[in-house]
Amino acid sequence: VWSLSQPVGKPCSDTSNLLDSKLLSDPLQTFVFLDRHVRHEATAFEAEDKENDASRDVIVTFARRPLKSGYDFGKSSVSARSFSTSSTSPPKRVGVVGCGPSGMALINACSKLQDPSSVSLTIFEKQEEWGGVWNYDWRTGSDESGRAVHASMYQQLWSNSAKETNEFLDYSYEEHFEGKATPSYLPRQLMRDYIAGRAEKAMGVDGVNVDVRLGSGVEQVEMEGGKFRVTTGGEKEEEFDHLIVASGHFSVPHSASFPGFENFNGRIMHSTDFRNALEFSGHRILVVGNGNSGEDVALQCNKYGAAQVYLTYRTEKSAINWPEGIEETPNLVSVGGEKGRTCYLKDGSEIEDVDAIILCTGYKHSFPYMPNDLRLSTSNNLYPQGLYKGVAWLENPNLFYMGMQDIWIGLKVYDCQAFWIMDSILGKVGRDAGVEERKGDIERWVDKLKGIKREGAKEGVNGLRENLNFQKEYLQDILDDVGETAEHGYNKDYRALLDTHVDDYMMVTEHKREVRRSDGWSEATTV
Ligand SMILES: Cc1cc2nc3c(=O)[nH]c(=O)nc-3n(C[C@H](O)[C@H](O)[C@H](O)COP(=O)(O)OP(=O)(O)OC[C@H]3O[C@@H](n4cnc5c(N)ncnc54)[C@H](O)[C@@H]3O)c2cc1C
């Protein structure tokens, strides 16, 4: 018998609604349960286990009341506030693809407008919940409707960005968690809850006119008569004056292949399908790629009992002093050998008896639903070509892409972009410049980025501070535009916050490295 009691002291009356409960190896427990048809996922900080002859009760104290992200969208999973518009002109009709952190930042930006009802947002979300990649899904490949699974996080993922450097200006962790202490690096459930908590708050602001369509994947976008026609569910079409693509870029794998893979006698997978490191307990693993995913996956496997983890690098070794059980090696060249489980490396060395190869080779920007002439084509970099101010389509100022950059400054990026996009839709910024001027502005940023890369290569710097500075300057540039219109009250504070962000981030990174360098680091870190 499981009984759930919540901080308000009310035990769950109907435990049949408990869907699933998992005891993680971390000192946290995750419970997923239904309450009034709303799915809750909660992480318990304390669990009291009482056993007697007849039953086993576990009394769980949650960090807070059931997740705010268990927002009640109603039966049809549509949430629309009725509102009376105070503006004389009809609201701008805006379609949005995706309700992850970017889409949710748009809801917040709407709520901060002088007249929130001047914009009508329809957000199409293919998952059954908002939250983007922060929604965990045990599935890989296709979901129950045959759509590609968006999730690429694993069960025991903790945010790799410290909360002190990844906080919304208008909604603190303290506010969200009601003053309760939380660690710097939050488990993914709490990050998701925090992000959703602010969106929920924004939904409640008077005049906000947002319709979130859950379980509604965009299949096709066409341009007709200057309008965007969006098709969902096979045949349902709707027209919008503006379209914002906010469908993320961390779910379609960029796979690599190496000679001999077809005959490898073990498992080969991309990190997008990595769900639980326990699967690799006792195994010998080769992780290809030492970027963020490679680093995280290697540590997870090590933490959950892998016999040995080899982590390959392409250009340079990371600055990490790895714990026992992880070794950084030159890149993979091919696989084969007598047992079909030997990995041959670039320096001529070999690793035998490898059980699994995990490709941490990144993700692709993919927008299959967009028409060819409006489809963004870019790698993961700090300034994608073709987007004016990093968001507006060069030839069509009514089309926007959000969050498509390589993200170094975290959640604040989506907020700043959302402010600019809202003001642009309202005709306040970015509408006067012609195509040539817009193109010139993009070129200026792209050249600046190339310059940083050239200097970095010359001086052998790893580029962390340079990349952070570049993104900071880009965000301050778009905030300066917004500042002129003063549509949002607090953009100036955001600008100032970004000024200190780079130093704060560098300090946190140094702390992280120090912890890793110290003897007991694997005990102390939570990654
Ligand atoms: C393994 C991993 C770890 C990460 N760790 C961190 C971290 O520690 N800190 C951090 O700040 N960031 C982290 N990130 C980055 C993360 O992507 C961002 O935090 C954030 O989720 C990006 O928000 P987004 O809304 O732009 O994209 P997403 O979160 O990807 O959301 C896009 C949304 O669009 C929806 N969608 C896609 N296609 C369609 C369609 N055709 N129709 C309708 N809806 C659609 C998706 O279902 C999804 O909900 C991590 C990412 C990964 C993959």
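Just so you know, ligand 1 is whichever comes first in the structure, and atom 1 is the first atom listed for that ligand.
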Of all the atoms in ligand 1, which lie at a distance below 4.0 Å from a heavy atom belonging to [X]?
X    : result
G132 : 28 (P), 29 (O), 31 (O), 48 (C), 49 (O)
G217 : 42 (N), 43 (C)
F124 : 43 (C), 44 (N)
A246 : 32 (C), 33 (C), 34 (O)
S159 : 7 (C), 8 (O), 9 (N)
Y369 : 41 (N)
Q127 : 46 (C), 47 (O), 48 (C), 49 (O)

Any ion pair linking [Y] and [X] (charged N to carboxylate O, less than 4.0 Å)?
X    : Y    : answer
E175 : K201 : yes
E237 : R229 : yes
R198 : D170 : yes
R147 : D143 : yes

[atom]: the protein heavy-atom neighbour that sits closest, reported with distance to 0.1 Å:
atom                    : result
atom 29 (O) of ligand 1 : V133 N, 3.0 Å
atom 37 (C) of ligand 1 : S247 CB, 3.4 Å
atom 11 (O) of ligand 1 : N166 ND2, 3.1 Å
atom 23 (O) of ligand 1 : P101 CD, 3.3 Å
atom 27 (O) of ligand 1 : G248 CA, 3.3 Å
atom 34 (O) of ligand 1 : G98 CA, 3.2 Å
atom 26 (O) of ligand 1 : S102 OG, 2.7 Å
atom 9 (N) of ligand 1  : S161 OG, 2.8 Å

(request) Show your working on side chain to side chain contact (heavy atoms under 4.5 Å, CB included) between C99 and M104 and close with a plain yes or no. (result) CA-CA 6 Å; C99 201; M104 291 152 117; 3.9 Å; yes

Applying a strict 4.0 Å limit to heavy atoms, is [X] in contact with ligand 1?
X    : result
S216 : yes
G403 : no
S152 : yes

Would you confirm whether the ring centroid of [Y] sits within less than 6.0 angstrom of the ring centroid of [X]?
X    : Y    : result
H176 : Y171 : yes
Y136 : Y154 : no
Y474 : Y383 : yes
Y401 : W393 : yes
H365 : F250 : no

(message) Once rounded to the nearest 0.5 Å, what's the spacing between atom CZ of F400 and atom CG of L387?
(response) 11.0 Å

Nearest heavy atom to [atom]: which of [options] does it belong to?
atom                    : options                : value
atom 13 (C) of ligand 1 : W130, Y185, W134, Y414 : W134
atom 52 (C) of ligand 1 : H150, M153, E125       : M153
atom 15 (C) of ligand 1 : F250, W158, W408, F274 : F250

When you compare ligand 1 with [X], is there at least one nitrogen or oxygen pair between them that comes in under 3.5 angstrom?
X    : result
V218 : yes
L157 : no
M402 : no
Y363 : no
N160 : yes

(message) Quick one about N290 and E295 (side-chain donor to acceptor, distance below 3.5 Å, no hydrogens or angles considered), yes or no?
(response) no

(request) Give the intermediate values and the outcome of ring pair (Phe, Tyr, Trp, His ring centres under 6.0 Å) for residues F470 and W445. (result) CA-CA 9 Å; F470 182 91; W445 283 100; 5.5 Å; yes

(message) For E219, give me all partners under side chain to side chain donor-acceptor pair (under 3.5 Å), at least two apart in sequence or on another chain.
(response) none

(request) For the pair F240 and F124, name the ring-plane relationship: parallel under 30°, tilted 30 to 60°, perpendicular over 60°. (result) perpendicular

